K.L.:
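First the structure, which I've put down as structure tokens, then a few questions once you've had a look.
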Amino acid sequence: MASTLEKLAEHVGGKVFGTANVMIDSVATLTNAKQGQISFLTNPLYRSQLSTTNASAVIVEEFVQDAEKVNQLVVKNPHAAYAKITQILYPQQAIQAGIDAKACVDKHSQVDKSASIGPNVIIEEGAVIGQGVCIKANSFIGRNAHIGDNTIVYPNVSIMHGVRIGQRCIIYPSAVIGADGFGHAYQETGWLKIPQVGTVIVGDDVEVGSGTCIDRGAIEDTIIEDGVKLDNQIQIAHNVRIGRNSLLAGGAGVSGSSTVGENCLLGGRAGIAGHLNIADNVVVTGMSLVTKSIEQAGSYSSGIPAEPTRTWRRYVGRFKRLEGLFKRVTECEKLIKEQKD
Amino acid sequence: MASTLEKLAEHVGGKVFGTANVMIDSVATLTNAKQGQISFLTNPLYRSQLSTTNASAVIVEEFVQDAEKVNQLVVKNPHAAYAKITQILYPQQAIQAGIDAKACVDKHSQVDKSASIGPNVIIEEGAVIGQGVCIKANSFIGRNAHIGDNTIVYPNVSIMHGVRIGQRCIIYPSAVIGADGFGHAYQETGWLKIPQVGTVIVGDDVEVGSGTCIDRGAIEDTIIEDGVKLDNQIQIAHNVRIGRNSLLAGGAGVSGSSTVGENCLLGGRAGIAGHLNIADNVVVTGMSLVTKSIEQAGSYSSGIPAEPTRTWRRYVGRFKRLEGLFKRVTECEKLIKEQKD
Amino acid sequence: MASTLEKLAEHVGGKVFGTANVMIDSVATLTNAKQGQISFLTNPLYRSQLSTTNASAVIVEEFVQDAEKVNQLVVKNPHAAYAKITQILYPQQAIQAGIDAKACVDKHSQVDKSASIGPNVIIEEGAVIGQGVCIKANSFIGRNAHIGDNTIVYPNVSIMHGVRIGQRCIIYPSAVIGADGFGHAYQETGWLKIPQVGTVIVGDDVEVGSGTCIDRGAIEDTIIEDGVKLDNQIQIAHNVRIGRNSLLAGGAGVSGSSTVGENCLLGGRAGIAGHLNIADNVVVTGMSLVTKSIEQAGSYSSGIPAEPTRTWRRYVGRFKRLEGLFKRVTECEKLIKEQKD
């Protein structure tokens with residue numbers, strides 16, 4: 001939905017340097033932008049591109065003097081302003097209220113009149129679907145599950161019985177919320193299934209990525225607090241709690257009964273072992289292995305970056321011979337001491 | 001389904017210390033239990049909680065003298081007893097026999113009368129669905145697949161042609177069993193697909209977690225033996241065999257043509273390279289990388305736990321300078337020897 | 001579909017040593033082959049099996065003198081010949097053109113008459129489905145998505161709005177193509193969603209494994225070039241480009257805005273961090289962590305293989321004490337120098 005730069009500036013509380021009434025209809029990168037497009041600059045490294053971009057406007061943090069030909073929209077937080085402007089230029093398709101003729105909605109469920117229920121959606125008995133909810137084709141909502149207002153559920157999602165999802169959440173395709181946690185008791189004849197009698201509680205404004213799995217609690221509930229963003233293929237095991245506004249990148253995993261604090265960032269494929277507590281404001285870099293609780297805010301890492309395989313093999317060889325090296329150094333120290341004496 | 005403590009004790013072969021006829025209706029943790037609830041103690045560290053819990057009974061391995069106020073159910077294996085008692089207190093919903101009007105069942109398939117086939121389930125020609133099987137909404141059963149008695153298939157599962165699933169299995173949402181293995185022959189113009197002509201054979205009492213994928217064999221079959229428990233998002237490549245009662249935690253992966261023995265435990269995200277043999281009774285800890293066959297029972301690990309990023313970078317720097325350190329030590333040894341002579 | 005060895009030889013441009021008119025009906029391993037079956041030998045280690053196999057023919061690179069009793073089909077590339085022969089012996093089921101009565105096909109979409117659309121498939125407005133396409137049950141094709149000729153889409157797949165898939169692709173169950181990339185702008189009140197306005201462009205002859213996710217671009221498109229093969233549970237983040245004929249094994253992940261060159265091989269669970277460039281012809285071994293761009297063709301690795309847990313713990317202990325060892329060596333050097341002077 002096209003808009004003048006001026007109106008966009010008002011919307012994000014920014015100031016225009018240049019032509020305020022230029023029309024903006026879409027977003028683009030600095031490099032590829034054409035007339036009518038807006039771009040943004042967050043990394044000062046790319047500042048020189050301001051002189052060469054064909055964008056009709058660029059969102060910046062500070063007015064850039066030596067780029068007078070490009071209209072600049074100065075805001076405190078260019079990234080957030082870009083997000084808000086993109087939301088205006090690309091409005092979400094209005095959802096069409098109503099239940100598709102091919103949906104299977106149990107008569108003992110409650111579906112708000114303003115909700116949109118796609119073809120082949122299953123809504124079991126006792127489920128409650130809030131206002132403005134959109135459930136796309138082929139998704140499954142189990143018995144007594146609650147879906148909060150204005151939440152979007154994409155196709156092929158499974159939300160199991162009793163799960164509660166908050167408002168304004170986005171659940172991407174093939175996500176699974178509320179399947180049984182992995183609980184088995186060992187006995188001589190093999191593993192005995194432990195019924196998982198908790199459920200999953202998802203707060204407001206949560207995103208659950210494609211293929212992400214959040215298991216129901218063993219006794220109490222698995223909890224995803226407000227504002228948490230889960231990327232694709234994440235595993236949240238039973239009894240886990242993820243604190244407010246934490247963000248987990250693709251493939252991160254949190255094992256059973258662990259707690260992740262608020263405003264944490266877990267990098268891609270980072271793994272948190274079971275029964276740990278991770279404090280607020282902790283960053284764990286990609287593919288790190290966390291096996292102890294983290295009590296202090298800050299950044300934590302493990303994993304050694306790749307090298308040419310030949311070099312790497314030499315590294316590993318030396319790593320395994322470290323014990324010998326320690327002994328050799330001890331022997332050197334002893335001999336030196338002897339010579340000294 | 002509530003029960004007296006006495007009846008529960010009979011069911012698990014345990015002995016009651018305290019009031020045998022107290023009613024138990026649900027389970028809870030020691031900390032949060034209320035009247036009518038039963039809890040369990042497996043970790044002696046939490047023994048002191050026996051004096052403060054409000055649980056109506058606690059399952060223990062030995063009678064705890066100094067906790068006389070709480071009813072105790074003494075059993076050999078508290079974890080297994082807890083599993084059995086939970087199964088009684090929370091009976092599974094009875095399945096409703098019959099084929100939903102919105103299921104697509106091929107006329108050349110066989111579906112037992114006692115099976116429950118949900119809406120939008122697809123059952124292709126030649127498929128055989130056993131007694132008491134429950135297939136939930138939107139799942140797909142390919143041609144000539146067999147589903148053994150009393151197996152549960154949750155929503156959005158894909159079981160491909162010719163796959164055989166045993167009895168009393170549980171297949172969680174979005175699992176995929178029997179898609180093609182990853183087989184391609186290289187030729188100058190690019191990769192050539194190798195048809196995967198084996199299938200997948202899954203034994204009895206197997207669980208397949210949400211999003212877990214088990215590929216069909218290239219020539220012979222991929223085999224999951226009885227009692228194997230696979231957590232979420234596991235990858236079992238073509239031609240793999242997983243031995244009886246082995247348990248794989250979330251995101252573990254076994255590459256093509258490898259064999260995992262019986263009673264093994266693979267931790268979360270552990271990875272087994274291709275064409276290996278892992279003996280019986282092997283434990284591989286989480287996120288370990290296994291690149292050689294393991295011939296002896298025991299526990300195996302790799303992966304270094306995370307540290308503060310600053311510390312970690314110093315570690316990595318030193319690791320890469322190990323070659324120099326080896327040389328320096330050799331030089332020291334030489335000089336010491338020279339001085340000695 | 002059975003064939004004489006002679007006809008198979010013609011098809012793959014090979015030469016028969018032995019009985020040319022023997023009938024071949026299926027493939028098998030050297031060890032388990034029976035009469036009527038063909039096997040192949042690529043690894044010279046297994047050469048001795050040629051004397052003992054019961055196969056009616058074996059595909060080899062060179063005629064093996066001392067195995068006269070077995071018919072040999074000599075070809076330049078046995079693996080590729082095996083692939084082509086298997087394709088003949090096991091022809092794909094012919095697809096049945098037509099739209100299943102239970103599919104939901106929008107009237108403003110275009111579905112070629114030769115396409116096969118299974119039950120419960122959703123095809124939204126503006127979607128275009130090419131000739132000979134087969135879309136299996138319960139899959140979702142979003143608005144304006146394009147599916148190229150002769151592509152197969154297996155069950156429970158989600159292909160989101162505007163995605164373009166090339167010709168002769170294979171999309172396995174529970175794959176998700178074109179869900180939103182993971183883009184959020186931070187502001188004090190929490191994360192703000194950045195609409196993802198690019199899409200996903202998939203070339204010809206691409207395979208997308210079960211549970212694999214390819215996110216749509218943030219501004220421009222995510223691109224998978226011709227001939228790329230993606231195994232199961234792979235994560236391709238927004239704005240990524242994967243070059244022609246690259247092959248990614250199970251669980252590999254490529255983070256946002258990274259580029260992988262042509263003819264690359266990423267091992268299972270290998271992870272590429274964001275905003276990197278990986279050159280053509282790069283191999284990254286399984287579970288490696290790549291945090292810097294790779295400019296030269298070749299093989300790259302990280303990750304240290306598992307050892308018995310007790311041994312591993314000692315390794316880790318020494319690794320963490322390396323700083324002390326460096327200091328001790330420096331002290332030795334100093335003392336030796338002092339003694340020398």
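Chain naming here is simple, since letters A, B, ... match the order of the sequence lines and numbering starts at 1 in each. Remember, predicted model here, so these are calculated numbers, not experimental data.
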K.L.:
So, taking the atom named CG in B:Asn239 and the one named CD1 in B:Ile219, what distance separates them when rounded to the nearest 0.5 Å?
P.N.:
7.5 Å
K.L.:
Checking heavy atoms, do the side chain of C:Ser26, its backbone, both or neither come under 4.5 Å from chain B?
P.N.:
neither
K.L.:
Checking side chain to side chain donor-acceptor pair (under 3.5 Å) between C:Arg168 and each of C:Thr151, C:Asp205, C:Asn150, which is the one that passes?
P.N.:
C:Asp205
K.L.:
If you count heavy-atom pairs under 4.5 Å between each of C:Val228, C:Asn120, C:Asp231 and chain B, which one has the most?
P.N.:
C:Asp231
K.L.:
Using a 4.5 angstrom heavy-atom cutoff, name the option from B:Leu322, B:Asp180, B:Thr189, B:Thr311 with the most pairs to chain C.
P.N.:
B:Asp180
K.L.:
Under a 4.0 Å threshold between the charged nitrogen and the carboxylate oxygen, would C:Lys136 count as salt-bridged to B:Glu124?
P.N.:
yes
K.L.:
So for C:Glu207, is it side chain, backbone, both, or neither that comes closer than 4.5 Å to the heavy atoms of chain B?
P.N.:
side chain
K.L.:
Ring-plane angle category for C:Tyr154 and C:Tyr172, please: parallel below 30°, perpendicular beyond 60°, tilted otherwise.
P.N.:
parallel
K.L.:
What part of C:Leu335 is in contact with chain B, defined as an atom under 4.5 angstrom from a non-hydrogen atom: side chain, backbone, both or neither?
P.N.:
neither
K.L.:
Examine whether an atom of B:Gln235 lies under 4.5 Å from a heavy atom of chain C, and if so say whether it belongs to the side chain, the backbone or both; otherwise answer neither.
P.N.:
both
K.L.:
So which part of B:Val157 gets closer than 4.5 Å to some heavy atom of chain C, the side chain, the backbone, both or neither?
P.N.:
backbone
K.L.:
Is it the side chain or the backbone of B:Met287 that comes within 4.5 Å of chain C heavy atoms, both, or neither?
P.N.:
backbone
K.L.:
Examine whether an atom of B:Ser255 lies under 4.5 Å from a heavy atom of chain C, and if so say whether it belongs to the side chain, the backbone or both; otherwise answer neither.
P.N.:
neither
K.L.:
Are a donor atom and an acceptor atom from the side chains of B:Gln187 and C:Asn77 found within less than 3.5 Å of each other?
P.N.:
no
K.L.:
Counting only heavy atoms closer than 4.5 Å, note whether B:Arg143 contacts chain C via side chain, backbone, both or neither.
P.N.:
side chain
K.L.:
To the nearest 0.5 Å, tell me how far B:Asn156 CG sits from C:Asn138 CG.
P.N.:
7.5 Å
K.L.:
Contact part of B:Lys102 toward chain C, heavy-atom cut-off under 4.5 Å: side chain, backbone, both or neither?
P.N.:
backbone
K.L.:
If I measure from the heavy atoms of chain C, does B:Gln296 come under 4.5 Å with its side chain, its backbone, both, or neither?
P.N.:
neither
K.L.:
Under 4.5 Å heavy-atom distance to chain B, tell me which part of C:Val316 shows up: side chain, backbone, both or neither.
P.N.:
side chain
K.L.:
Does any heavy atom of chain C fall under 4.5 Å from the side chain of B:Ile234, the backbone, both, or neither of them?
P.N.:
backbone
